Amino acid sequence: MYTQGLDSLGADCLHTSASERAALEQRFQSKVDAEERIEPKDWMPDAYRQTLIRQISQHAHSEIVGMLPEGNWITRAPSLRRKAVLMAKVQDEGGHGMYLYSAAETLGISRDELLEQLLTGAAKYSSIFNYPTPTWADVGAIGWLVDGAAIMNQIPICKCSYGPYARAMVRICKEESFHQRQGFEIMMTLSRGTPEQRRMAQEALDRWWWPSLMMFGPNDATSKHTAQSMRWKIKRFTNDELRQKFVDITVPQAEFLGLRVPDPDLQWDEASQHYRFGTIDWSEFQQILQGNGPCNRERVEARQRAHEGGRWVREAAMAYAEKRRQRETQAA
Amino acid sequence: MTGATMTQQQKQWPLYEVFIRARSGLEHKHVGSIHAADERMAIEHARDVYTRRQEGVSIWVVRSADIVASDPADADALFEPAKDKVYRHPTFYEIPDEVKNL
């Protein structure tokens, strides 16, 4: 269950000696090694808790900010069918954000704190959502590539050692598959269309290919958190392993569409049975993480505006609930 | 608690745990939690967040603060009474193979 005894959270650290702590840590690690799940009120090392709060909240923020680039196209979707589908997809992203915030809250952080971290820019979200969506084809490319990369990242998290995160991820993965397929369908329609539509599809692939590969995070050699996260079974595959899997399944899909992957170094390697691909421009990734991507400021401002604009609604709902409670007490 | 945090707490929509019955014949099952100003809003938010694909025919919500839970740290002692009572399971009893329907 998700409810939490916040008052009991710090108690372990305050009253346990170093040797008791070592014993607790050992018991924790052997549970993880035995593929048992850790649940909210179980003892866990503080670093495990903090790592999960950081990862789950970044994931939640990514879902919420991820509603913006596609939401941009809802009013201009080319048909009623496309519009209904896009609205359902963007609603799903909102729902995924909610599942994840509620999982993060089981670790002892409040929803308000989480939102504040997003709105003040203290928290990060996926770099991919700082790119713009100039054409309808970008909506297709996002579904196909960005959601495809997200699925690749998220499926192993369904087996994460932390129960609430794993369960949220099972729900998310079930819903994510529709996102990817509707995106591929858009790309398929465009790539079988007029020369101009084909060009739109190609340009969208050109824009989203490299940022999608960056979604898997830094190369293993430079990734700070990988080893510890794998020991804790928060992570099951390294960034490079997942990136390679993504390239291997996506290149044939691009070929099916008759589109060209924008990488001159891309080639099939018969010996390893994998595609070899070019070097990623990590300076671009770093720039975006530092807040200098094409849309960083716009995205956070849009969230701040929504939060401020909704303030009176939240307060009025609370006031109304309070008034009703008082009326019921008086009547009783 | 100071006055300031008190006001902050009151402004925050309380947390509700959400339980969904997938179809009649099945029990309600915990699916997650939701924030809402009151019970009715909690049901509506639970519908929007947890049943977008017809996952349920009935929803329960309960204030998270109202749930009483056992402490996992006490689990050994709490569940100890059942540990030495293997005779509560049918496999405890050895019955010859030739006896049927037992």
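The structure presented is a predicted model; accordingly, all values stated were derived computationally and were not measured.
Shown here is B:Lys85, whose NZ atom has more than 12 heavy atoms of other residues, nucleotides or ligands within 6.0 Å.
The pair A:Glu308-A:Arg311 counts as a salt bridge, with a side-chain nitrogen and a carboxylate oxygen less than 4.0 angstrom apart.
Screening A:Gln91, A:Met87, A:Glu93 against A:Lys89 for a side-chain contact (heavy atoms from CB on, under 4.5 Å) leaves a single residue, A:Glu93. Between B:Val18 and the options B:Thr51, B:Val49, B:Val61, a side-chain contact (heavy atoms from CB on, under 4.5 Å) holds for only B:Val61.
Heavy atoms closer than 4.5 Å to chain B are found in both the backbone and the side chain of A:Glu175. Only the side chain of A:Arg324 comes within contact range of chain B, with at least one heavy atom under 4.5 Å from a heavy atom of that chain.
The greatest number of non-hydrogen atom pairs below 4.5 Å with chain A, out of B:Arg52, B:His45, B:Arg40, B:Met41, is found for B:Arg52. Counting heavy-atom pairs closer than 4.5 Å to chain B, the top-ranked of the candidates A:His96, A:Arg171, A:Met98 is A:Arg171. Contacts with chain B were tallied for A:Arg314, A:Glu322, A:Glu315; A:Arg314 has the most, counting heavy-atom pairs under 4.5 Å.
Listed by chain and number, the residues in a side chain to side chain donor-acceptor pair (under 3.5 Å) with A:His61 are A:Tyr101 (sequence neighbours excluded).
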